[in-house]
Amino acid sequence: QVQLVESGGGLMQAGGSLRLSCAASGRTFSNYAMGWFRQTPGKEREFVATINWSGSSTGYADSVKGRFTISRDNAKNTLYLQMNTLKPEDTAVYYCAARRQFGMSTTEGEYYYWGQGTQVTVSS
């Protein structure tokens, strides 16, 4: 069992930056690839970013590439999402998720553990 708790969301003006954190507990964090997903009301949850177990490989949705950076600190059992140049369309609830494999994935169904989400609101 892995417990995931997101933090760092909030209200930001367009063009600003936020850093989300996801604290993991329960099992060996480095055994899991991790991902960030987001969801807005009335829409399906969408992939944002993914990272492999060591942090050596990352992947991004086209909509955030060049603006968001995913990283992890296995010593601190924490996943991060640095979000720069925020846009109103980035407004969503952001979720971190853990995959019971070492390799990263962009597919929601391949993630087994999920956090409760943190709200990010970007005003224009």
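Only this structure's heavy atoms are used, side chains among them; waters, hydrogens and symmetry mates stay out.
Looking at heavy atoms from C-beta onward, Phe47 lies out of side-chain contact with Glu108 at the 4.5 angstrom threshold. By the 4.5 Å heavy-atom criterion applied to side chains, Val93 and Thr118 are not counted as neighbours. Residues Tyr113 and Gln1 meet the side-chain proximity criterion, which asks for heavy atoms closer than 4.5 Å. When side chains are defined from C-beta on, Glu46 does not count as touching Phe37, because their heavy atoms never get closer than 4.5 Å. Side-chain contact between Thr91 and Thr40 is absent, with no heavy atoms from C-beta onward closer than 4.5 Å. In this structure, Met83 and Leu20 have side chains that are in contact, with non-hydrogen atoms separated by less than 4.5 Å. Between Met34 and Phe29, some side-chain heavy-atom pair lies under the 4.5 Å cut-off. Inter-residue side-chain proximity for Arg72 and Thr78 is flagged as unmet; no heavy-atom pair is nearer than 4.5 Å.
Side chains of Ser17 and Asn84: a donor on one and an acceptor on the other come within 3.5 Å. At a cut-off of 3.5 Å, with distance as the only test, a side-chain donor of Glu110 or Ser105 sits close to an acceptor on the other residue. Counting only N and O atoms by type, the side chains of Thr50 and Tyr111 include a donor and acceptor under 3.5 Å apart. A side-chain donor-acceptor contact under 3.5 Å links Tyr94 and Arg38.
For the atom pair Ser56 OG and Met104 CE, the distance stands at 8.5 Å (nearest 0.5 Å).
Closest of all the heavy-atom pairs between Tyr80 and Asp73 is CE1-CB, 4.1 Å.
For the pair Arg45 and Trp114, the distance from NZ or CZ to the six-membered ring centre is under 6.0 Å and the angle to the ring normal is within 45 degrees.
Between Asp90 and Lys87 there is no salt bridge, since none of the side-chain N atoms of the basic residue sits less than 4.0 Å from a carboxylate O of the acidic one.
If you chain together hydrophobic residues whose side chains sit under 4.5 Å apart, Leu81 and Val2 fall into the same group.
For Tyr32 and Phe102, the gap between ring centers reaches or exceeds 6.0 Å.
Listed by chain and number, the residues in a side-chain hydrogen bond (donor to acceptor under 3.5 Å, both in side chains) with Ser7 amount to none (sequence neighbours excluded).
Heavy atoms from other residues, nucleotides or ligands lying under 6.0 Å from CZ of Arg27 number 12 at most.
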